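I have placed the structure first, in the form of structure tokens, so that the comments after it can refer back to it.
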Protein chains: 2
Amino acid sequence: MAPRKAVAQELTREAIIDAARGLFQEKGYQNLSMRQIAQTLQYSHGALYYHFKNKAELFYAIVKQDFSLLDDTLDQILSRQLEPSEKLRRVLLGFIEFGLTHRSHYEIMFLIRDKEIQEFVDDGPSHSYEKFAKAVQSLSKNRLGIQTIWSLFLALHGFVTHYCRNQQSYEEVRSMAEYHVEFLLKGLLHE
Amino acid sequence: MAPRKAVAQELTREAIIDAARGLFQEKGYQNLSMRQIAQTLQYSHGALYYHFKNKAELFYAIVKQDFSLLDDTLDQILSRQLEPSEKLRRVLLGFIEFGLTHRSHYEIMFLIRDKEIQEFVDDGPSHSYEKFAKAVQSLSKNRLGIQTIWSLFLALHGFVTHYCRNQQSYEEVRSMAEYHVEFLLKGLLHE
DNA sequence: TATTTAATTAACCATCGTTCAATTAACTTG
DNA sequence: CAAGTTAATTGAACGATGGTTAATTAAATA
């Protein structure tokens, strides 16, 4: 009744995740169907259920990758040999760059609101924020209070959110991002 | 075949809009059905189509009201008898208060990404931003540049966005909002 | 009473998540 | 290399839900 595809390469979890991530970002969780994902991959929708139990599990697999990617990005900046003030600048800029380079990751992590999804995400976002906050605090030699760091985060978040929504790349807004970071650092000097 | 309801009060465009606004904010455009709106109103879904051509038209009617509401909020603050620096503080705080008090408006205006919707919205958001930017510029006696004002907006936007997503009211986060505004004003002093 | 207005409900067609029997490509074993 | 086995894929089918339309009818109005 159904011929199996002559596979050049078999469908893998990774291939599905990679295709689905961009699509989820573009359309949102509810507005992207398993059938659309399958169509993008040129496979039947049934094939997806061989690799993932259901839509939620596929989505969760993506989110999990996303959070560890931000962690890695921050770690990489922190491990460089630079002055603390320069490191701080790069952490802030790095956060924006992460958000706009991996828009789909960022949106899934910090923007999507959906009850079915919130259950999965758990404390992923707060864990990522803690990492960011601790980095900023130590780089400022403990001069910045919790509230200030939180304001800083929200200010960066606004930048990323806006340009995520506008579908613009980091390269396109780089100079504006640098300005934004300078603007925020200026305020921090006078804490 | 179908008995008409013994109406205590007839369904009106306004009643539909008022009920739908909150629901759209809560669930998003795609995830809210005409049937759900009707159920909330205790009417049949067909009744909605007597008052609105379709779902998009209903949504558009809401958005149109939203933009003018933000304009009014800003106008009201600007017309008060206060020092410019205090007015500036209140404009920033007022923007946050607007966003969190009228979450549904704000989300529809600045957060929802949806092709079907973007067509309607046109230049509503940019018009609202222009109003905000001009107010800030004049209140700072033209000391703030375009880029700085834009950064300021994005920083406020991040605050509103975050707490919109978290479903928190303005009252709940008021002191944090005040801190955020102070944080931003501090940076402005040293432009 | 005749007409208009405002509502109801059934029905149509599309899409979705998910399941599952059928099918076959690829691999294993003798 | 043949036969059997496993793994991967297909597509039909099920039950929900959705937007929208149209026939119908009750209430209000003239």
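Bear in mind the structure is a predicted one, so any value in this text is a computation, not a measurement. Residue numbering restarts at 1 for every chain, and letters A, B, ... go by the order of the sequence lines.
- Using a 4.0 Å heavy-atom distance criterion, A/Leu32 is classed as a sugar-phosphate-only contact.
- Minimum atom distance to the side chain of B/Arg35 is reached by D/dG19, of the listed D/dG11, C/dT9, D/dG19.
- In this structure, the CD atom of B/Gln39 is 12 Å from the C1' atom of D/dT17, given to the nearest Å.
- Side chains of B/Ser169 and B/Glu172: a donor-acceptor N/O pair is present below 3.5 angstrom, by distance only.
- Distance from the side chain of B/Gln36 is smallest to D/dG18 among D/dG11, D/dG19, D/dG18.
- In this structure, B/Leu48 reaches neither bases nor backbone, as no heavy-atom distance under 4.0 Å exists between it and the strands shown.
- Distance check: A/Cys164 SG to A/His157 NE2 gives 9.0 Å after rounding to the nearest 0.5 Å.
- Heavy-atom contacts from other residues, nucleotides or ligands closer than 6.0 Å to CD of A/Gln39 number 12 or fewer.
- Residue B/His45 contributes atom NE2, which lies 11 Å from atom C1' of D/dT17 at whole-angstrom precision.
- Distance, A/Gln30 CD to C/dT15 P: 17 Å, rounded to whole Å.
- In this structure, of C/dT9, D/dT10, C/dG17, it is C/dG17 that holds the atom nearest to the side chain of A/Met34.
- Of the candidates D/dT10, D/dG19, C/dT18, D/dT10 carries the atom nearest the A/Tyr43 side chain, counting heavy atoms from C-beta on.
- Contact annotation: B/His51 side-chain N/O to C/dA7 OP1/OP2 distance is under 4.0 Å.
- Distance check, rounded to the nearest 0.5 Å: CZ of B/Arg103 to OH of B/Tyr170 gives 14.5 Å.
- The CG atom of B/Asn31 sits 18 Å away from the P atom of C/dT15 (whole-angstrom rounding).
- Between B/Tyr50 and the phosphate of C/dA7, there is no side-chain N or O to OP1/OP2 separation shorter than 4.0 Å.
- The listed nucleotides are C/dT9, D/dT9, D/dG19; the one nearest the side chain of A/Ser44 is D/dT9.
- Comparing D/dG18, D/dT9, C/dT18 by their nearest atom to the side chain of A/Asn54 picks out C/dT18.
- Contacts classified as salt bridge (charged side-chain N to carboxylate O under 4.0 Å, His left out) and involving residues 69-85 of chain A (residues at least two apart or in different chains) are given here: A/Asp75-A/Lys131.
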